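Structure first, then comments.
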Amino acid sequence: MIIKKLSICNFRQYYGKQVLEFSSTDDKNVTVIHGENGSGKTALLNSFNWVLYNKTDLPDPEKLFNNYAFESTPDAGKLEMYVEIEFESKGFDYILKRSLSGIKYGNKLTKIENNVLLKFFNGEMWKGLSNPTEEINQVLPEDLRNYFFFDGERIDHLSRHEDNDEIRDAIKIVMDLEIIERGIKHTEDARKEFQKEWADIADEQTKRLLEEQDSLKEKQNEKEERLNQMKQNIIKRKEQIKDVDEQLSLVKGVSEKQQERKDLETELEKLKATHTELLNKIRKTVSKQSYLAAAHLLKSKVDQHLSDMDIQENTIYPDLSKKLINKIIQDGVCICGENITHEHKSHLEELAAKIGPQNRSLLLNTLKRDMGIVIDTKERFLNDLHDLEKSEYNTKEIIRDTEDKLEEISTDLSNREYEDVQSLEKNRREYQSNIDEFLKQQGVLEDHIKDLESEIASLTKKIEEQEQIQNKAQLAKKRMQTCEKLTSVMNRIYNLKEEEVKKDLQEKLEEVYNNFLRKGFKINLTEDFKINVQSYTGDKVPLSQGERQITSLSFIGAIVDIARKHHKKSTELISEGGIYPLVMDSPFGALDSDHRERVARGIHSLSEQIVIIVSTSQWKGEVEGALNPYIGNQYTLNYHDPQQHHDTPYEYTEIQRW
């Protein structure tokens with residue numbers, strides 16, 4: 001979306017028709033609007049929101065008609081107020097006009113009409129669109145309006161971690177990830193419909209299995225939603241604990257205890273990981289070799305059985321094997337080299353009939369040897385298991401000791417004389433208790449989900465084994481399976497696309513932030529789309545208002561830039577991202593001189609089109625010098641002060657082009 005022109009007529013402070021044209025060329029993409037406080041800067045910013053979405057963030061939002069225009073309208077005369085915007089999006093020109101009109105009677109307007117007209121140029125003529133709201137949301141979604149039309153002094157909330165849901169949703173919408181999400185949901189809905197159709201016409205056994213499978217999937221979805229909620233709860237509580245720790249570290253006499261606690265918690269985390277690893281090794285060892293535990297009973301029985309056997313070794317040559325005798329008979333030559341006669345052959349055949357296929361004594365000796373190996377293996381298994389259990393016990397004792405030390409620190413802080421410290425520590429203990437409970441619930445839910453997955457897999461196999469005779473049932477089944485495949489593919493696409501967006505956004509966020517901020521802070525976008533700012537030592541940074549403003553501005557700029565980057569890679573088949581303008585009121589308000597210059601020097605590169613509404617005090621000096629090369633158009637908001645013009649005792653603003 002590139003804004004070409006904005007026309008305002010009798011909207012709030014703007015009397016009569018006022019027009020602004022916006023620059024968007026490659027080298028001159030900045031439009032500057034100068035205005036002092038009270039001259040109508042906020043009303044101008046809100047005119048964009050009103051014409052596009054019928055929304056404003058103004059005081060007295062119902063009072064939109066200009067007072068001077070109202071007083072100038074004769075009784076029973078018609079008064080109209082409107083905002084009209086001309087813009088280009090994806091190769092088409094649009095004109096959107098939103099207006100209010102009414103008849104003046106005394107001090108009131110009656111018969112008020114609200115009209116919205118949206119038309120586009122199709123290459124030959126202007127054509128009206130029947131659903132303006134839907135069309136505008138396709139161009140620039142209403143949920144994102146505060147990202148592209150914003151008060152620069154009020155955007156610092158984006159740098160606070162509690163707004164990560166808002167940030168995540170914004171990124172999904174801008175980068176069209178939400179479209180893939182909707183596709184997944186709609187395909188899954190279609191799958192359910194086809195499954196229901198299949199179940200309605202399938203045989204009774206298959207129908208029963210399908211209903212049971214659907215019931216299990218519903219339970220699985222419910223458990224997964226609860227699991228995700230548990231994970232979000234844990235994240236939230238951990239953030240609250242971090243906030244408490246930061247506040248405690250600022251209290252005199254407590255920072256040392258806080259550092260000790262931090263070190264102990266880091267050590268405890270490592271110990272618990274080691275303990276988990278040891279438990280897994282014990283389980284794996286027992287799972288693979290537990291059968292050896294009863295080996296001594298088997299050996300005792302074998303020894304007893306062998307001692308009771310009457311083995312007449314001497315009568316059948318204990319070291320002689322049937323295989324050797326048969327080889328001699330076959331070759332016709334004795335092992336001494338003599339030829340075998342008929343008499344010798346008969347004797348050898350009788351001898352072979354008396355012994356088994358293998359030598360009995362040899363088998364028994366082999367059995368005794370193997371039993372010895374089994375007993376040795378058992379001893380090694382027991383020794384290894386003993387060592388692992390000893391290590392696991394020692395680690396558990398160290399964990400318990402570390403937890404006791406942490407509890408002592410918590411008790412110490414809870415008993416401090418300072419009421420703030422007691423209150424903070426009380427909250428911290430409560431948050432930690434919540435985390436422990438959430439983790440238990442998470443473990444239970446994960447086990448339930450695994451069990452459900454196993455049951456669903458078993459049912460799916462049974463369903464696949466059911467022979468479907470009816471062609472219609474088969475078709476519904478194929479459609480259902482196609483939906484399942486599509487959902488799987490879209491999920492993979494979504495995951496890959498999300499990772500690509502995160503990577504691009506992180507790189508751009510770092511680039512913009514390093515250019516804008518003087519200090520060497522590190523900015524990161526976490527897995528759950530939370531903005532995290534750290535010092536060079538890795539500690540969380542308590543940001544000032546100006547630093548929060550720069551952080552939020554960097555984030556918005558990074559989103560707009562990667563949306564532009566991905567849009568340029570789009571094809572006719574796959575569209576993603578988009579071109580978005582940035583319209584900002586007072587983006588330099590909370591910044592010092594150096595940061596104003598830094599932001600001004602780089603702000604033009606954040607978007608294809610930049611519109612800045614700024615006061616003289618913010619503009620003069622470093623901002624003007626840095627931005628001048630990129631300015632295409634400039635305007636001034638001339639405020640008519642009724643105290644200085646007694647002939648027209650009404651306030652209003654006129655827009656004058658430089």
Side-chain angles (χ1 to χ4, degrees), residues 1 3-22 39-89 92-122 125-146 148-149 581 583 637 640 642 648-655:
M1 178 184 188
I3 304 171
K4 294 184 174 182
K5 182 189 293 186
L6 184 74
S7 301
I8 308 175
C9 182
N10 297 331
F11 178 83
R12 296 289 286 204
Q13 287 170 253
Y14 294 92
Y15 173 67
K17 183 177 179 180
Q18 311 287 328
V19 178
L20 299 103
E21 295 181 347
F22 302 95
S39 64
K41 293 188 298 175
T42 302
L44 179 60
L45 179 67
N46 275 270
S47 69
F48 289 96
N49 284 314
W50 188 75
V51 67
L52 291 169
Y53 310 110
N54 196 26
K55 298 284 180 66
T56 70
D57 299 314
L58 292 164
D60 299 325
E62 301 301 321
K63 297 180 179 179
L64 298 178
F65 285 89
N66 178 264
N67 287 335
Y68 186 25
F70 180 84
E71 295 297 332
S72 301
T73 302
D75 202 43
K78 183 177 181 181
L79 175 62
E80 182 184 28
M81 177 273 290
Y82 67 84
V83 178
E84 183 178 87
I85 186 170
E86 299 180 23
F87 62 91
E88 182 269 331
S89 178
F92 290 96
D93 289 325
Y94 294 83
I95 297 178
L96 172 67
K97 181 179 180 180
R98 187 181 300 274
S99 64
L100 286 176
S101 62
I103 305 299
K104 178 183 175 182
Y105 286 106
N107 293 324
K108 292 183 179 180
L109 275 178
T110 62
K111 299 181 181 180
I112 295 178
E113 295 181 359
N114 190 333
N115 294 304
V116 183
L117 174 65
L118 176 64
K119 56 185 179 180
F120 79 103
F121 191 71
N122 63 7
M125 59 182 293
W126 288 95
K127 184 176 181 181
L129 294 168
S130 60
N131 195 336
T133 300
E134 183 177 334
E135 291 291 337
I136 291 299
N137 270 282
Q138 291 292 325
V139 174
L140 202 161
E142 181 181 342
D143 292 342
L144 300 178
R145 66 185 181 93
N146 290 329
F148 305 116
F149 308 100
V583 181
L637 305 181
H640 181 276
T648 53
Y650 303 103
E651 68 168 1
Y652 60 90
T653 297
E654 293 179 319
I655 300 173

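We're numbering straight along the sequence, starting at 1. Everything quoted here is computed from the prediction, not taken from an experiment.
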Restricting to non-hydrogen atoms, name the atom on [X] and the atom on [Y] that form the minimum distance, rounded to 0.1 Å.
X	Y	value
Gly16	Asn10	N-OD1, 2.8 Å
Thr653	Ser39	OG1-O, 2.6 Å
Pro581	Leu140	CD-CD1, 4.3 Å
Val83	Ser47	CG1-O, 3.8 Å
Val19	Ile655	O-CG2, 4.3 Å
Asn66	Arg12	ND2-O, 2.7 Å

*If the plane angle is over 60° it's perpendicular, under 30° parallel, otherwise tilted; pick one for Phe149 and Phe48.*
parallel
So does [X] have more than 12 non-hydrogen atoms from other groups sitting under 6.0 Å from [atom1]?
X	atom1	result
Asn114	CG	yes
Asn67	CG	no
Phe121	CZ	yes

To the nearest 0.5 Å, what is the distance between [atom1] on [X] and [atom2] on [Y]?
X	Y	atom1	atom2	answer
Phe65	Phe11	CZ	CZ	11.0 Å
Ile85	Met1	CD1	CE	4.5 Å
Lys119	Asp93	NZ	CG	12.0 Å
Asn46	Leu64	CG	CG	9.5 Å
Tyr82	Leu117	OH	CG	12.5 Å
Asn49	Asp57	CG	CG	6.0 Å

*Start with the C-alpha gap between Leu44 and Leu6, add the side-chain angles, then the distance that decides, and say whether side chain to side chain contact (heavy atoms under 4.5 Å, CB included) holds.*
CA-CA 10 Å; Leu44 179 60; Leu6 184 74; 4.0 Å; yes
So do the side chains of [X] and [Y] get within less than 4.5 Å of each other, counting heavy atoms only?
X	Y	value
Val116	Asn54	no
Glu654	His640	no
Cys9	Glu80	no

_Less than 6.0 angstrom separating the ring centers of Tyr68 and Tyr652, yes or no?_
yes
